[in-house]
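Accompanying notes for the structure given below.
As the structure is a prediction and not an experimental result, all values here were calculated from the model. Throughout, protein chains are lettered first and strands after them, A, B, ... in sequence-line order, and every chain is numbered starting at 1.
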There are 2 protein chains.
Amino acid sequence: MPTRERPSGGRTHVPSAAARRDGSDAPGERAADRHGAILDAALELFATIGYRATTMAQIGDRIGIRGPSLYKHVHSKQEMLVEIMAGMMEELLRRQRAALDAGGDVRERLERITAVHVQYHAEHRYEAFVGHHEIDNLEEPERSRILDLRREYESRFRELVQEGRELEVFGTSSDRWASYAILDMGIGVSAWYNPGGSVAPDELAATYAEFAVRMLGAGEPTATGPRGA
Amino acid sequence: MPTRERPSGGRTHVPSAAARRDGSDAPGERAADRHGAILDAALELFATIGYRATTMAQIGDRIGIRGPSLYKHVHSKQEMLVEIMAGMMEELLRRQRAALDAGGDVRERLERITAVHVQYHAEHRYEAFVGHHEIDNLEEPERSRILDLRREYESRFRELVQEGRELEVFGTSSDRWASYAILDMGIGVSAWYNPGGSVAPDELAATYAEFAVRMLGAGEPTATGPRGA
DNA sequence: CGTTCCGGCTAACGAGTGTTAGCCGGACGG
DNA sequence: CCGTCCGGCTAACACTCGTTAGCCGGAACG
């Protein structure tokens, strides 16, 4: 049913906003955290209708103030995008690094970074969607910086696939294509995943991790018999 | 090297424009085909910088005329998008139908529609990229129509996966996820494929078709022995 | 040779939008 | 009770863009 289009429901938040949660929420929303609320609203709009299509007035509407009033809390629309995208890529890299640091054989590590990849794209589909679709709307110093982070993130997949192929754990014809295929199927999740549904992100992640290893020709849990087809 | 971002080089054309090629090209470009040339220019710009970011003046520049002059050949910017997206989805469905009509067992048919899917996304990556990223910029009667076509296209994958699972040719936990994974890894191709490289689209398509069947747990050419690994 | 019309061009309109300027009420510290 | 400053608001500026209006040269055709 959720045909591949822009994300359309649910709730997520930007890392920087989610970090500081004190407790007060109902009584008029103290004073702090306005910045975080604005980023949340912007994120949701950027994800559902796109950065260029989103107007400052719309962002303001979401938190009950007028467009120009936003400038009391943020410097510009562009800055919001930067904050969202940088936060997203940094969080993604952090999780990937943790998954790799946990050790294990090639196959385990690949399963783990694939699962992390997919789970993030399901749980934080707004950030993920924006992170992948709005890169060209970043102005130039930041655009290249984010692109570098992305390249780093992607290269971890390729290196791992390559390592597995050299060890003959994986039997694939091209490291690059295989790693792109794994990355892209995970990215796709952020476009159709429905948080209201009955599917838990970690369940989806486990399934996709199995897709990945099967795709690489390492279907069975035991790595003892490589005999690559 | 081609990090997942907007497509950035090469040449393709919209179906409607590619159809009528007479022969004359160098000598001043007769009179006809102006419409097709405009659509080509628009397509390239929509794909590389996005529909909203593209201005009529830029499209005009590509063919050496001013923005307002475009209106002697097209009705509106929106109409160009509609023409591009409708042409793309119809062509994709046409190819998919042909692949299915060619018959064969479930596994063969799945390999074939996957290969068609991937090959189109490599050969016509501009149309494909626009087709997947600019849906929300379509105005309403058309948006739903295109979305219906897409749902139809996607459901063919899911039905085939389901058929294979029921026949126990495929061993997958979820038809839906598996078909989405296959679709998404193909869609991703349109974002990074480089036509200037040494990789032929059909070669890529064959590799991805194998990824798909492996992912579904039907790794070997012979359907007799399922034994994974 | 005249007319018609195709396909350019410039000027201009009108709507939309990010951002700035400047005002003002009210909470809070002294 | 007074001043300060936070955080709203409206008005307005400065663009950008899609699109329309109207002009005009020149090719094609009778």
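Taking B:Glu134 as the reference, B:Arg6 meet the salt bridge (charged side-chain N to carboxylate O under 4.0 Å, His left out) condition, with sequence neighbours excluded. For A:His132, the ring pair (Phe, Tyr, Trp, His ring centres under 6.0 Å) criterion is met by A:His121, not counting sequence neighbours. Residues passing the salt bridge (charged side-chain N to carboxylate O under 4.0 Å, His left out) test with A:Arg66: none are found, sequence neighbours excluded. B:Arg95 pairs by the salt bridge (charged side-chain N to carboxylate O under 4.0 Å, His left out) definition with B:Glu91, B:Glu123, not counting sequence neighbours. The salt bridge (charged side-chain N to carboxylate O under 4.0 Å, His left out) check on A:Glu159 picks up nothing, with sequence neighbours excluded.
Atom CG of B:Asn137 is separated from atom C1' of C:dG16 by 15 Å (rounded to the nearest Å). Between the NZ atom of A:Lys72 and the C1' atom of C:dG18 there is a distance of 16 Å, rounded to whole Å. Atom-to-atom, CD1 of A:Ile38 to P of C:dT19 comes out at 13 Å; the value is rounded to the nearest Å. One atom, CE of B:Met80, and another, C1' of D:dG18, lie 10 Å apart when rounded to the nearest Å. Between B:Asp61 atom CG and C:dC9 atom P there is a gap of 10 Å when expressed in whole angstrom units. Straight-line distance from the CG atom of A:Leu70 to the P atom of C:dG18: 10 Å, rounded to whole Å. The CD1-C1' distance, from A:Ile65 to D:dC6, rounds to 13 Å in whole Å. Separating the CG atom of B:Asp33 from the P atom of C:dC6 is a distance of 18 Å, rounded to the nearest angstrom.
Listed by first and then second residue, the ring pair (Phe, Tyr, Trp, His ring centres under 6.0 Å) pairs that reach into residues 46-69 of chain B are B:Phe46-B:Tyr51, sequence neighbours excluded. The list of salt bridge (charged side-chain N to carboxylate O under 4.0 Å, His left out) pairs with a residue in residues 182-192 of chain A, not counting sequence neighbours, reads A:Asp184-B:Arg4.
Phosphate proximity of C:dG7 to B:Ser69: absent, as no side-chain N or O sits under 4.0 Å from OP1 or OP2. Contact check, A:Arg34 against D:dC6: no side-chain N or O comes under 4.0 Å of OP1 or OP2. Look at A:His73 and you'll find a side-chain N or O under 4.0 angstrom from OP1 or OP2 of D:dG8.
Annotation: the terminal axes of the helix from C:dC1-D:dG30 to C:dG30-D:dC1 meet at 0°, where each axis is the rotation carrying the C1' atoms of four end pairs onto the next four (5 pairs per end, rounded to 10°).
Residue order along DNA chain D, read from the 5' end via each residue's closest nucleotide, puts A:Arg66 first among A:Arg66 and B:Gly67.
The existence of a salt bridge linking B:Glu139 and B:Arg143 is excluded, since no basic side-chain nitrogen approaches an acidic carboxylate oxygen closer than 4.0 Å. We find that A:Asp148 and A:Arg145 are not joined by a salt bridge, their nearest charged nitrogen and carboxylate oxygen being 4.0 Å or further apart.
For B:Tyr71, the listed nucleotide lying nearest its side chain is D:dT20; candidates were C:dT19, D:dT20, C:dG7. In this structure, of C:dT19, C:dG7, D:dC9, it is C:dT19 that holds the atom nearest to the side chain of A:Ser76.
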Dump the pairs, protein N or O against N or O of nucleotides 12-17 of chain D, anything under 3.5 Å, distances to one decimal.
none

